[in-house]
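Heads up: the structure comes next, in structure tokens.
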Amino acid sequence: MGRLIIDTDIGDDIDDALAIALALNSSELELIGITTVFRNVRERARLAITELKVYNKVDIPVHMGMGHPLINDVDEDAIPCQCAAADDSIEVFDDENAVDFIIDTCMTSNDPITLVPIGPLTNIGMALRMEPKLAHKVKIVLMGGCIGKPQPEWNIMSDPEAAHIVMSSGADITMVGLDVTTKCQMTLKQLEAFEQSSRAEVKFLFELIKLWDKAFNFHMPVLHDPLAVAVALDPSLVTVQPMDIGIELGGIYTRGMTVPREGTFVKVAVDVDVERFMELFMTRVAKDI
């Protein structure tokens, strides 16, 4: 059984909650913790705990991480749209910072742990800066980046300095970026399966989808983050190419770009078996049992 920690900015795009749901519905994975990152980490933690409560998995710890990037300023009080569905009665405790939780858990584990960052890389970058030996204790399967187009991707762009630390850490990294995730968009029929489901867990996810759609008017979720979780579960879902990934830290229009260079430091996903992944996702997350 693969042990993993999901580091998430749940609450804005719908794919974070769907990624957590996929992990919870995959018996091959043991989700040993969730950490929140970027902007209002407290409300994100409350939403994550609410999702765990719906799935009757409240034994999984949730820890708040860094709300602000290493350099950039952001509004840490803004409440993500999906947090309207969070259980207000849930208390979020500052018992252990996410960065410390990641370091302590991974460095003391006798079993391998996979970190799955599906938001900006601030927590992971800080953990690696505080404990460089962490790079040789974990695998990292991250959602972020893009090599096929000259454009910054949101997670990397939100904290390029942290991404630079991660990409140059020497860790075993698989980058699941826009080159493959944008191919994995839900269809209307698949969305209707969520709407028509009789399961409380799926009803909750559909409520989050509606809140997301109302806020952003995107309609059909793209499964960026669930694909990263799926790759942690089954790496054969994607074709990877070894590269050295540089992070552009300057530039007016290019800050946060992932720049492919000659090297073999990062396994970059360049193709995906869309049909097999979508079947896996729908069967595990949306199917009535």
Side-chain angles (χ1 to χ4, degrees), residues 6-26 29 31 33-58 60 62-65 67 78-92 116-120 143 154-155 158 181-182 184-230 277-278 280-289:
I6 292 180
D7 185 65
T8 176
D9 59 344
I10 185 174
D12 294 314
D13 201 341
I14 186 57
D15 55 337
D16 293 78
L18 297 177
I20 292 171
L22 177 58
L24 294 173
N25 281 291
S26 296
L29 299 175
L31 183 58
I34 295 174
T35 53
T36 60
V37 68
F38 198 65
R39 293 180 176 159
N40 198 325
V41 292
R42 182 175 296 276
E43 291 306 314
R44 296 194 196 281
R46 196 185 318 277
L47 180 58
I49 296 170
T50 301
E51 181 170 0
L52 293 176
K53 185 177 179 181
V54 170
Y55 276 86
N56 195 29
K57 297 286 187 178
V58 292
I60 297 173
V62 177
H63 295 278
M64 293 181 288
I79 300 178
C81 63
Q82 294 164 59
C83 291
D87 185 344
D88 291 338
S89 69
I90 291 174
E91 293 188 64
V92 182
V116 185
I118 53 177
M143 189 281 129
W154 173 258
N155 288 343
S158 294
T181 64
T182 52
C184 302
Q185 184 171 30
M186 289 178 61
T187 64
L188 178 59
K189 182 178 180 180
Q190 290 167 338
L191 192 60
E192 287 174 346
F194 277 79
E195 183 177 14
Q196 297 166 5
S197 176
S198 61
R199 290 171 56 198
E201 300 92 334
V202 184
K203 288 179 178 293
F204 173 74
L205 293 175
F206 188 66
E207 181 182 0
L208 297 185
I209 291 173
K210 290 190 293 183
L211 288 169
W212 162 78
D213 185 28
K214 181 179 179 181
F216 295 103
N217 199 33
F218 287 158
H219 304 309
M220 296 298 162
V222 180
L223 303 182
H224 304 287
D225 296 342
L227 182 58
V229 170
F277 164 64
M278 296 301 293
L280 171 74
F281 174 80
M282 291 300 299
T283 299
R284 297 200 176 191
V285 177
K287 184 178 180 181
D288 282 340
I289 299 175

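All of these numbers come straight from a predicted model, not from anything done at the bench.
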Next item on the list: List for me each residue that meets side chain to side chain contact (heavy atoms under 4.5 Å, CB included) alongside Asp213, sequence neighbours excluded, and say none if there are none.
Entry: Asn217, His219
Check: side chain to side chain contact (heavy atoms under 4.5 Å, CB included) between Cys81 and Lys214: does it pass, once the steps are laid out?
Finding: CA-CA 9 Å; Cys81 63; Lys214 181 179 179 181; over 6 Å; no
Margin query: Can you tell me how far apart OG1 (Thr35) and CG (Asp9) are? Round to the nearest 0.5 Å.
Written below: 10.5 Å
Checklist line | Approximate separation, where rounding is to 0.5 Å, of Leu223 CG and Met143 CE | finding: 11.5 Å
Next item on the list: Taking the side chain as every heavy atom from C-beta outward, state whether Ile118 and Ile6 have any atom pair closer than 4.5 Å.
Entry: yes
Check: Would you call the rings of Phe218 and Phe216 parallel, tilted or perpendicular if under 30° counts as parallel and over 60° as perpendicular?
Finding: parallel
Item checked: Taking every non-hydrogen atom, the tightest pair across Trp212 and Ile14 -> CD1-N, 3.6 Å
Next item on the list: Compare all side-chain heavy atoms of Val202 with those of Phe206 and state whether any distance is below 4.5 angstrom.
Entry: no
Notebook entry, point to check: Is there a donor-acceptor pair closer than 3.5 Å between any side-chain N or O of Glu43 and the backbone N or O of Pro80?
Noted result: no
Margin query: To the nearest 0.5 Å, what is the distance between NZ on Lys287 and CZ on Phe281?
Written below: 15.0 Å
Notebook entry, point to check: How long is the gap from SG on Cys184 to CG on Asp225, to the nearest 0.5 Å?
Noted result: 11.5 Å
Margin query: Run the side chain to side chain contact (heavy atoms under 4.5 Å, CB included) test against Ala86 and tell me which residues pass, sequence neighbours left out.
Written below: Arg46, Leu47, Thr50
Notebook entry, point to check: Is the side chain of Asp7 donor-acceptor paired with the backbone N or O of Val37 at a distance under 3.5 Å, no angle test?
Noted result: no
Next item on the list: Kindly compute the distance separating CD (Glu195) from CD (Glu207), expressed to the nearest 0.5 Å.
Entry: 13.0 Å
Check: So which heavy atom on Arg44 is nearest to which on Phe38, and how close?
Finding: NE-O, 2.7 Å
Item checked: With sequence neighbours excluded, residues passing side chain to side chain contact (heavy atoms under 4.5 Å, CB included) with Ala48 -> Ile10, Ile34, Val62
Margin query: Please check this pair: side chain of Thr36 against backbone of Val41, looking for a donor-acceptor N/O pair closer than 3.5 Å.
Written below: yes
Check: Can you tell me how far CD of Gln82 sits from NZ of Lys210, rounded to the nearest 0.5 angstrom?
Finding: 13.0 Å
Next item on the list: Measure from the side-chain N and O atoms of Arg42 to the backbone N and O of Val92, and report whether any donor-acceptor pair falls under 3.5 Å.
Entry: yes
